[in-house]
There are 2 protein chains.
Amino acid sequence: MELELSVDRSSPVPLYFQLSQQLEAAIEHGALTPGSLLGNEIELAARLGLSRPTVRQAIQSLVDKGLLVRRRGVGTQVVHSQVKRPLELSSLYDDLESAGQRPATKVLVNTVVPASAEVAAALGVAEDSDVHRIERLRLAHGEPMAYLCNFLPPALIDLDTAQLEATGLYRLMRSAGITLHSARQTIGARAATAVEAERLAEEEGAPLLTMQRVTFDDTGRAVEYGTHTYRPSRYSFEFQLLVRS
Amino acid sequence: MELELSVDRSSPVPLYFQLSQQLEAAIEHGALTPGSLLGNEIELAARLGLSRPTVRQAIQSLVDKGLLVRRRGVGTQVVHSQVKRPLELSSLYDDLESAGQRPATKVLVNTVVPASAEVAAALGVAEDSDVHRIERLRLAHGEPMAYLCNFLPPALIDLDTAQLEATGLYRLMRSAGITLHSARQTIGARAATAVEAERLAEEEGAPLLTMQRVTFDDTGRAVEYGTHTYRPSRYSFEFQLLVRS
DNA sequence: GTAGTTCGATTGTCCGGACATACACATTGA
DNA sequence: TCAATGTGTATGTCCGGACAATCGAACTAC
């Protein structure tokens with residue numbers, strides 16, 4: 001079986017990227033079956049009219065994604081396991097949407113408040129300086145699923161309530177030209193207080209899943225701090241990890 | 001300020017790796033301050049007597065780790081944020097130990113059982129075939145912290161109870177020559193049953209943090225399936241994420 | 001003064017080659 | 001029979017160069 005691969009040299013898309021996408025598609029589509037060898041790099045490069053470094057760059061990106069495994073003296077083969085998606089800096093909104101849940105958002109609060117000590121420390125701004133505060137209720141199938149409380153530094157983005165109800169916060173930030181880079185997260189659990197129970201239609205004392213997150217852009221600025229609580233019967237965190245070798 | 005960098009060509013350690021380690025150390029140590037430019041690649045290569053691709057490979061590995069950011073036409077600079085550690089495929093034991101908690105483990109069960117449907121599906125073995133089952137209680141400061149129930153395929157590793165109490169499961173597997181590759185994890189929460197409460201010295205109905213994980217080695221084989229419950233007052237999941245661009 | 005343009009600097013992409021290293025397998029030897 | 005050795009093949013590392021794309025700043029023109 002010969003895999004059909006080709007590159008378009010007139011395209012502005014980098015050659016290694018064209019190749020890696022085709023390989024990834026072939027794996028996803030099943031044309032490259034798990035465990036199968038990929039053929040050696042030299043020959044592959046010759047077949048495509050590319051140099052070996054370019055082919056290696058394409059392969060390496062898929063190795064980094066966990067789709068391929070290289071073995072010296074053996075070859076490169078497709079990992080045969082149910083690799084879903086590696087852990088991304090994901091938003092709840094996108095998670096739900098990709099699960100076909102058609103999420104709804106109700107904005108409870110959208111205002112500017114002085115930063116508390118906790119918020120100031122997380123965002124790296126002065127205490128009592130102005131920060132945006134938004135509180136949202138995320139619903140799926142009409143049922144409350146999560147309560148989201150977020151703080152953003154001022155002058156970063158203007159938060160329109162209508163937009164917040166139509167899409168997710170991360171998507172808004174990205175379309176505002178902010179390139180998200182990393183986030184620090186803590187996931188825990190606790191018993192619901194009376195107020196929390198009321199918000200999420202749970203009983204007081206019921207277990208809640210909690211997540212706190214500080215998100216940074218590519219310059220290292222903190223761009224968002226959030227405290228979220230989820231109903232564990234409706235949501236859990238699910239992700240794939242890769243070892244860093 | 002000139003950063004002291006040098007490579008040892010007689011060392012078997014790859015040159016790019018030597019360089020990346022020195023740069024990482026310099027960042028960690030503070031010699032390279034956040035936001036500072038790294039100097040252009042050409043000049044850096046010349047100074048070290050290396051080629052540009054080698055220098056680029058070193059820098060790239062740190063970019064992948066989230067320590068550096070490249071900007072075309074500008075240069076490469078150190079990310080200025082409190083980057084802790086990226087999310088690793090971590091073991092609870094290592095987590096605790098690195099936090100200086102001196103964890104203790106009590107092995108409750110270490111036996112071989114026929115695989116249930118759930119376990120068989122997770123490990124990719126036939127139902128009712130033999131699998132190892134181990135149940136452990138993880139303690140810190142004499143207090144129970146987590147209850148760990150794990151299943152392993154047979155003939156992979158022999159599980160000595162004494163060893164299990166002395167170290168973590170992941171460390172045992174690694175030293176048995178198994179190279180961990182990826183894991184699929186689910187984190188949730190639920191109320192403790194009477195049995196769970198008893199084990200963890202909690203009250204019935206108290207919130208518990210739960211984690212299920214299937215771990216794969218580099219050939220894609222499932223090598224471990226685990227169901228863990230944590231006391232949320234004693235433990236929470238904390239990690240750093242990077243965006244995949 | 002402001003907007004548009006040019007230009008230098010720096011990374012991004014790609015090439016072709018060379019040698020080292022590790023693994024699998026066949027061969028050889030005891 | 002079994003272990004040690006050799007051999008082929010594939011990836012790992014490294015080199016030196018070339019041109020393109022992009023960013024920032026200085027410069028120019030209105």
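All figures in this text were calculated on a predicted structure; none of them were measured in a lab. Below, chain A is the first sequence line, B the second, and so on; all start at residue 1.
Sparse packing is recorded around CD of A:Glu28, with 12 or fewer heavy atoms of other residues, nucleotides or ligands lying under 6.0 Å away. A:Glu165 CD: more than 12 foreign heavy atoms inside a 6.0 Å radius.
Atom CG in B:Leu50 sits about 15 Å away from atom P in D:dG17, given to the nearest Å. Here C:dT13 presents its P atom at 15 Å from CD of B:Gln57, a figure rounded to the nearest Å. Counting to the nearest Å, the C1' atom of C:dT11 and the CD atom of B:Gln60 are 11 Å from each other. One interatomic measurement links the two molecules: CD1 of B:Ile42 to C1' of D:dA20, which rounds to 14 Å at whole-angstrom precision. Rounded to an integer number of Å, the gap from CD of B:Glu43 to P of C:dT11 is 10 Å. Put simply, CD on B:Gln77 is 13 Å from P on C:dT10, counting in whole angstrom units. Atom CD in A:Gln18 sits roughly 12 Å away from atom P in C:dT13 (whole-Å rounding). Protein atom CG of B:Asp8 is 16 Å distant from nucleotide atom P of D:dT13, rounded to whole Å.
Toward the 5′ end of DNA chain C lies the nearest nucleotide of A:Phe17, the other residue of the pair A:Arg52 and A:Phe17 mapping further downstream. The residue among B:Arg56 and B:Pro12 whose nearest nucleotide of DNA chain C is located toward the 5' end is B:Arg56. Comparing A:Pro53 and A:Gly75 by the nucleotide of DNA chain D that holds the closest heavy atom to each, the one mapping nearer the 5' end is A:Gly75.
Nearest nucleotide to the A:Thr76 side chain, out of D:dT11, C:dG12, C:dC14: D:dT11. Comparing C:dC14, D:dT13, C:dG12 by their closest approach to the side chain of B:Glu41 singles out C:dG12. Checking C:dC15, D:dT13, D:dG12 against every side-chain atom of A:Arg70, the shortest atom distance belongs to D:dG12. You'll find that the side chain of A:Ser51 is closest to C:dC15, out of D:dG12, D:dG16, C:dC15.
Among the atoms of the strands shown, only primed sugar atoms or phosphate atoms (P, OP1, OP2) are found under 4.0 Å from some heavy atom of B:Pro14.
From A:Leu68, atom CG reaches atom CG of A:Leu62 across 5.0 Å, with rounding to the nearest 0.5 Å.
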Under 3.5 Å, which N/O atoms of the protein pair with N/O atoms of nucleotides 23-27 of chain D?
from   : atom 1 : to      : atom 2 : distance (Å)
D:dC23 : O4'    : B:Arg72 : O      : 3.1

Checklist entry - Does the side-chain hydrogen bond (donor to acceptor under 3.5 Å, both in side chains) test come out yes or no for A:Asn150 and A:Arg136, once each step is laid out? => result CA-CA 8 Å; A:Asn150 289 86; A:Arg136 293 169 295 166; 3.0 Å; yes
Next on the checklist: Please determine whether side-chain hydrogen bond (donor to acceptor under 3.5 Å, both in side chains) holds for the pair B:Tyr16 and B:Gln60, giving the CA-CA distance in whole Å, both sets of side-chain angles, and the decisive distance to 0.1 Å.
Outcome noted: CA-CA 10 Å; B:Tyr16 77 89; B:Gln60 187 59 47; over 6 Å; no
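Remark: the backbone N or O of A:Ser36 is not paired with any side-chain donor or acceptor of A:Thr33 at under 3.5 angstrom.
For the OP1/OP2 pair of D:dT13 and a distance below 4.0 Å, the side-chain nitrogens and oxygens of B:Tyr16 include at least one atom meeting the criterion.
In the model, A:Thr179 has no side-chain atom that pairs as donor or acceptor with a side-chain atom of A:Asp217 under 3.5 Å.
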